[in-house]
Amino acid sequence: MKCDLTGKISLVTGAARGIGQAIADRLAANGSRVVYTDVDAEGAAAAAVRTPGALGLRLDVTRRDEIEAVLERVAAEWGRLDVLVNNAGVNALGHRVNIDQFPREEWDRIVAVDLTGVFEVSRAAARRMIAQKSGRIINIASIAGLVPLRLQCAFVAAKAGVVNLTRAMALELGPHGILVNGIAPGSTLTEGTRRLFYGEDGLFRQSVQRMLDHVPLGRPAEPEEIAVAALFLADPENSYMNGHILTVDGGWTAGYARDF
């Protein structure tokens with residue numbers, strides 16, 4: 001898919017690798033100037049260096065001072081922000097347990113990044129976009145925010161929050177010329193997913209086939225397939241979609257894919 005993002009300025013959080021990097025690369029390939037941000041400063045810089053004219057900056061989405069510093073840098077460099085992609089996120093790895101055993105500190109960590117981080121970055125970016133009377137905000141949610149999964153209550157709750165935060169933002173920011181939409185990916189072959197599900201010593205290696213049995217396409221997504229959806233939402237010609245959650249999951253949530 002191709003679109004013309006010439007002259008547009010985009011910022012992607014969690015862009016050092018995986019879905020975030022794929023989205024940032026795709027936006028850049030279609031003409032946008034892109035700011036790759038990540039809590040991993042070296043990873044963000046390494047991702048950005050491959051793209052002429054891109055910036056790679058550290059950004060911890062739980063810290064207001066870092067959010068403001070990055071947005072001030074973008075304003076100083078390019079004077080505007082046209083596309084924000086809230087991709088930064090975390091999940092529980094060693095704590096896939098029932099809610100009665102789920103550690104409060106893990107809840108706080110996940111919600112702080114996956115939900116409050118989206119709120120904080122969006123709030124700061126929205127001020128700039130309202131002033132310029134235009135913008136796109138794309139929030140990366142998850143199918144887990146639409147159809148809850150077991151043993152990851154914090155992630156499920158945070159991503160469900162992102163889904164309705166996206167809709168609320170669309171209601172509030174639409175009158176200012178800002179479109180807000182979300183993407184709900186299914187299982188995607190990021191480095192973490194490969195390690196957890198497909199690595200020889202992956203914690204969930206034995207459950208891979210059971211998971212894929214629910215996906216009509218029979219495979220996980222590649223990060224680039226999620227990036228195509230983000231490019232569609234960023235396309236200037238896609239000018240009337242607002243408050244929508246675009247599900248990209250190979251049909252996982254379309255219905256039962258197994259015989260019962």
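We're numbering straight along the sequence, starting at 1.
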Looking at [Y], is its backbone amide N or carbonyl O close enough to the side chain of [X] to form a donor-acceptor pair, meaning the two atoms are under 3.5 Å apart?
X	Y	value
Asn87	Gly14	yes
Glu120	Arg64	no
Asp82	Ser10	no
Lys159	Leu146	no
Asn181	Leu233	no
Arg58	Val39	yes
Thr188	Ala221	no
Asn139	Val162	no
Gln132	Leu81	yes
Asn98	Gln101	no

State, with a plain yes or no, whether a side-chain heavy atom of [X] is found less than 4.5 Å away from one of [Y].
X	Y	value
Thr166	Ile245	yes
Val85	Arg136	no
Leu151	Phe102	no
Pro223	Gln21	no
Asn91	Gln152	yes
Pro236	Lys8	yes

Between atom [atom1] of [X] and atom [atom2] of [Y], what is the distance when rounded to the nearest 0.5 Å?
X	Y	atom1	atom2	result
Ile9	Arg128	CD1	CZ	14.5 Å
Asp38	Leu59	CG	CG	8.5 Å
Ile19	Glu222	CD1	CD	11.0 Å
Asn30	Asp235	CG	CG	8.5 Å
Asp65	Asp60	CG	CG	8.5 Å
Cys3	Glu237	SG	CD	8.0 Å

When you look at CZ of Arg127, are more than 12 heavy atoms from neighbouring residues, nucleotides or ligands closer to it than 6.0 Å?
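More than 12 within 6.0 Å, yes.
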Whether over 12 other heavy atoms sit under 6.0 Å from Leu217 CG
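Yes - once you tally the heavy atoms of other residues, nucleotides and ligands closer than 6.0 Å, there are more than 12.
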Would you check, one step at a time, whether the test side chain to side chain donor-acceptor pair (under 3.5 Å) holds for Thr37 with Thr13?
CA-CA 5 Å; Thr37 71; Thr13 67; 5.2 Å; no
Can Val35 and Trp78 be said to form a side-chain contact (heavy atoms from CB on, under 4.5 Å), step by step?
CA-CA 11 Å; Val35 186; Trp78 293 315; 3.3 Å; yes
For Tyr36, run the side-chain contact (heavy atoms from CB on, under 4.5 Å) check against Asp25, Ile23, Leu55 and tell me which one passes.
Asp25
Picking from Leu84, Ile137, Asn86, Leu165, what satisfies side-chain contact (heavy atoms from CB on, under 4.5 Å) with Val180?
Ile137
Test side-chain contact (heavy atoms from CB on, under 4.5 Å) on Asp114 and Ile110; report intermediate values, then the result.
CA-CA 6 Å; Asp114 291 7; Ile110 291 167; 3.6 Å; yes
Working note: Asp4 + Thr6, criterion side chain to side chain donor-acceptor pair (under 3.5 Å); need CA distance, chi angles, decisive distance, verdict.
CA-CA 6 Å; Asp4 185 5; Thr6 303; 2.6 Å; yes
Between the side chains of Arg219 and Glu225, is the shortest nitrogen-to-carboxylate-oxygen separation below 4.0 Å, so that they form an ion pair?
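Salt bridge flag = yes for Arg219 with Glu225.
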Checking side-chain contact (heavy atoms from CB on, under 4.5 Å) for the pair Arg26/Val228: CA distance, chi angles, key distance, verdict?
CA-CA 7 Å; Arg26 186 61 67 114; Val228 169; 3.3 Å; yes
Given the rule in the side-chain contact (heavy atoms from CB on, under 4.5 Å) test, do Val215 and Asp249 qualify, once you have shown the distances and angles that lead to the verdict?
CA-CA 8 Å; Val215 182; Asp249 67 350; over 6 Å; no
Test salt bridge (charged side-chain N to carboxylate O under 4.0 Å, His left out) applied to Arg109 and Glu105, step by step
CA-CA 6 Å; Arg109 181 182 72 91; Glu105 58 272 18; over 6 Å; no
